[in-house]
Amino acid sequence: MTPGPLTTSSAVKQAMLVDYGSRDARFLEVMHQVRTKLLGAANVSKEEGYECVIMQGAGTYGIEAVLGSVIPRDGRALILSNGAYGKRQQQICTILGIPFEAVDYGDHEVVRVEDMLKKLKEAGPGHFTHVSMIHHETTAGILNPLKEIGLALKESYPSVRLIVDSMSGFGAYPAQMKAWNLSYLVSSANKNLEGVPGFCFAICERAALEEAEKTNGGPRSLSLDLVGQWRNMEATAQFRFTPPTHSILAFHQAILEWEAEGGCAGRGARYKANYETVLKGMEEMGFKCYVAAEHRGHIITTFLQPEHPKWDFDAFYKALSDQGYVIYPGKLASAPSFRFGTIGRLYPKDFENLLLIVRQCVQRMGIELPLRE
Ligand SMILES: *Cc1c(COP(=O)(O)O)cnc(C)c1O
């Protein structure tokens with residue numbers, strides 16, 4: 001019940017039982033298929049002017065590669081931030097010396113189009129070259145209005161490029177690169193696409209990459225050079241440095257399973273069913289959600305810890321994990337909480353089982369259910 005790395009299918013794990021070298025033609029063919037399928041998952045293609053660049057490493061490496069490679073030395077990013085991942089983008093910019101400003105919200109709020117427009121207007125034309133945001137904020141489990149932000153930029157600030165961290169959105173929430181005016185979308189292998197960790201990827205508008213190549217003043221990092229990685233993949237079909245071969249093989253199987261499930265709509269529907277199962281059961285026991293229903297996504301759900309003298313989170317965590325259910329501690333500054341991820345190769349019946357164990361465990365602590373205010 002973690003939001004990645006997460007539970008994967010047996011076939012995904014079995015796909016890793018082959019050792020390929022970096023230049024093996026069979027591996028390069030799998031790479032090619034994976035890159036093509038990822039473009040399809042973002043509702044675009046190479047013919048339409050989009051590219052898929054794969055980077056080794058965790059999702060953050062992909063975010064750092066995009067921020068560090070596409071914002072010119074005299075450019076400036078506006079970061080819309082409502083949780084730990086927006087903060088992380090600010091930290092990356094600080095470390096890399098990228099000029100930025102942020103609109104900061106609380107971690108129970110959604111980012112707002114009107115605040116962005118106000119900020120861009122006050123700054124005047126040319127001040128900000130990029131806006132960057134999170135699609136689904138995993139900190140508390142909030143869906144941000146990506147489409148509305150993209151369309152508002154297209155209408156009022158067409159030269160400002162939009163970067164989106166869709167790590168925990170992509171594959172389960174729709175993302176239309178072209179129709180929604182997204183220049184760069186970053187996600188990783190081990191979230192909604194249900195692969196194993198090892199790499200992340202950026203879906204990029206080719207014109208944006210070409211512009212970045214001309215204007216970025218050179219990469220800020222060798223290994224996290226998005227443009228360099230793209231040029232090399234185009235020229236040789238290979239990674240520049242050791243590829244995550246097993247992770248790519250696993251991912252190839254994972255994306256076939258995603259397609260077979262009905263792509264974004266099918267995967268999203270299963271996660272929503274998981275979420276609804278969890279929500280109903282937890283509310284019956286008297287647990288309270290942290291995020292208001294209208295902003296809540298169905299990827300991960302934050303519950304407030306009960307304010308009962310006998311409540312003991314560490315004992316709760318351990319009792320669940322002893323039975324094979326690993327949950328996620330909360331990341332909120334404001335209140336003690338915990339989170340249930342509803343993604344991975346998990347079905348409503350898995351969450352029914354989780355709920356039984358939660359109930360047992362709370363009762364064993366000597367807490368009466370349902371919880372009272
Ligand atoms: C998981 C996640 C990341 C990246 O996390 P890594 O630990 O670097 O893989 C970034 N943004 C969001 C919204 C995420 O959910």
Side-chain angles (χ1 to χ4, degrees), residues 1-7 81-88 104-111 134 136-144 167-169 172 191 271-344 346-373:
M1 281 69 192
T2 57
L6 37 63
T7 322
S81 171
N82 61 331
Y85 296 102
K87 287 266 183 304
R88 191 174 295 177
D104 276 305
Y105 299 89
D107 55 18
H108 60 287
E109 294 179 299
V110 287
V111 310
I134 320 292
H136 172 274
E137 228 314 341
T138 324
T139 308
I142 292 180
L143 188 66
N144 281 317
M167 219 66 72
S168 64
K191 291 209 164 152
Y271 290 170
K272 187 154 186 264
N274 290 345
Y275 156 75
E276 283 168 353
T277 304
V278 164
L279 183 70
K280 181 164 175 287
M282 292 298 279
E283 286 188 338
E284 274 168 15
M285 285 184 260
F287 284 94
K288 296 263 177 292
C289 288
Y290 176 65
V291 175
E294 67 270 25
H295 299 150
R296 226 180 280 151
H298 46 251
I299 300 297
I300 187 165
T301 308
T302 304
F303 294 98
L304 295 171
Q305 294 190 25
E307 285 178 30
H308 191 287
K310 289 189 178 158
W311 171 259
D312 177 351
F313 178 74
D314 292 337
F316 180 68
Y317 182 90
K318 183 163 183 311
L320 295 184
S321 102
D322 284 349
Q323 306 218 43
Y325 292 83
V326 179
I327 65 160
Y328 228 50
K331 251 191 188 182
L332 310 176
S334 54
S337 61
F338 60 89
R339 298 180 286 172
F340 290 160
T342 35
I343 62 177
L346 298 171
Y347 297 82
K349 71 173 183 337
D350 297 303
F351 291 92
E352 298 284 3
N353 291 339
L354 171 71
L355 289 163
L356 282 176
I357 297 169
V358 167
R359 183 174 282 278
Q360 265 176 12
C361 174
V362 173
Q363 285 170 337
R364 282 199 190 128
M365 282 177 195
I367 301 175
E368 226 181 285
L369 289 174
L371 299 164
R372 277 183 236 123
E373 296 280 321

J.: Side chain to side chain contact (heavy atoms under 4.5 Å, CB included), that's the test. Do Thr277 and Glu352 meet it? Break it down for me.
T.: CA-CA 7 Å; Thr277 304; Glu352 298 284 3; 3.6 Å; yes
J.: To the nearest 0.5 Å, how far apart are OH in Tyr271 and OG1 in Thr342?
T.: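 The OH atom of Tyr271 sits 8.5 Å away from the OG1 atom of Thr342.
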J.: Salt bridge between Lys280 and Glu276, side-chain N to carboxylate O under 4.0 Å?
T.: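 No.
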J.: So that I know where these two stand, are Phe351 and Phe340 an aromatic pair - ring centroids less than 6.0 Å apart?
T.: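 No, too far apart.
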J.: Distance check, rounded to the nearest 0.5 Å: Tyr325 atom OH versus Tyr317 atom OH?
T.: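 So the gap between those two atoms works out to 15.0 Å.
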J.: Using the side chain to side chain contact (heavy atoms under 4.5 Å, CB included) rule, take Phe303 and Cys289 through it: C-alpha gap first, then chi angles, then the decisive distance, then the call.
T.: CA-CA 5 Å; Phe303 294 98; Cys289 288; 3.8 Å; yes
J.: Would you check if the side chain of Asn144 reaches a backbone N or O of Ile134 as a donor-acceptor pair within less than 3.5 Å?
T.: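 Pair found, side chain donor or acceptor close to backbone of Ile134.
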J.: Any sub-3.5 Å donor-acceptor pair from Arg339's side-chain atoms to Thr301's backbone N or O?
T.: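 Between the backbone of Thr301 and the side chain of Arg339 there is no qualifying donor-acceptor contact (under 3.5 Å).
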J.: Distance from Ser81 atom OG to Arg88 atom CZ, nearest 0.5 Å?
T.: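 Nearest 0.5 Å value for the OG-CZ distance: 12.0 Å.
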J.: Is a side-chain N or O of Asp350 found less than 3.5 angstrom from the main chain of Tyr347, in a donor-acceptor match?
T.: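 A pair under 3.5 Å: yes.
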J.: Rounded to the nearest 0.5 Å, how far does CD of Gln323 lie from NZ of Lys318?
T.: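 With rounding to 0.5 Å, NZ (Lys318) is 10.5 Å from CD (Gln323).
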J.: Could you go step by step and tell me if Val362 and Met285 meet the side chain to side chain contact (heavy atoms under 4.5 Å, CB included) rule?
T.: CA-CA 10 Å; Val362 173; Met285 285 184 260; 5.6 Å; no
J.: Quiz question: by atom type and distance under 3.5 Å, do the side chains of Ser168 and Tyr85 form a donor-acceptor pair?
T.: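 No.
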J.: Look at the rings of Phe316 and Trp311 and say which category their plane angle falls in: under 30° parallel, 30 to 60° tilted, over 60° perpendicular.
T.: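 Correct class here is tilted.
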J.: Test Leu355 against every option in Glu284, Gln360, Met282 by the side-chain contact (heavy atoms from CB on, under 4.5 Å) rule and name the one that passes.
T.: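 Exactly one candidate clears the test, Met282.
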J.: Checking side chain to side chain contact (heavy atoms under 4.5 Å, CB included) for the pair Asp104/Lys87: CA distance, chi angles, key distance, verdict?
T.: CA-CA 9 Å; Asp104 276 305; Lys87 287 266 183 304; 3.4 Å; yes
J.: How many angstroms lie between atom SG of Cys361 and atom CG of Asp312, to the nearest 0.5 angstrom?
T.: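 Answer for the SG-CG pair, Cys361 versus Asp312, is 9.0 Å.
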J.: If you round to the nearest 0.5 Å, how far is CZ of Phe313 from OG of Ser337?
T.: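 It comes to 8.0 Å.
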J.: Is it true that atom CD of Gln363 has more than 12 heavy atoms of other residues, nucleotides or ligands lying nearer than 6.0 Å?
T.: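 Atom CD in Gln363 is packed in, count exceeds 12.
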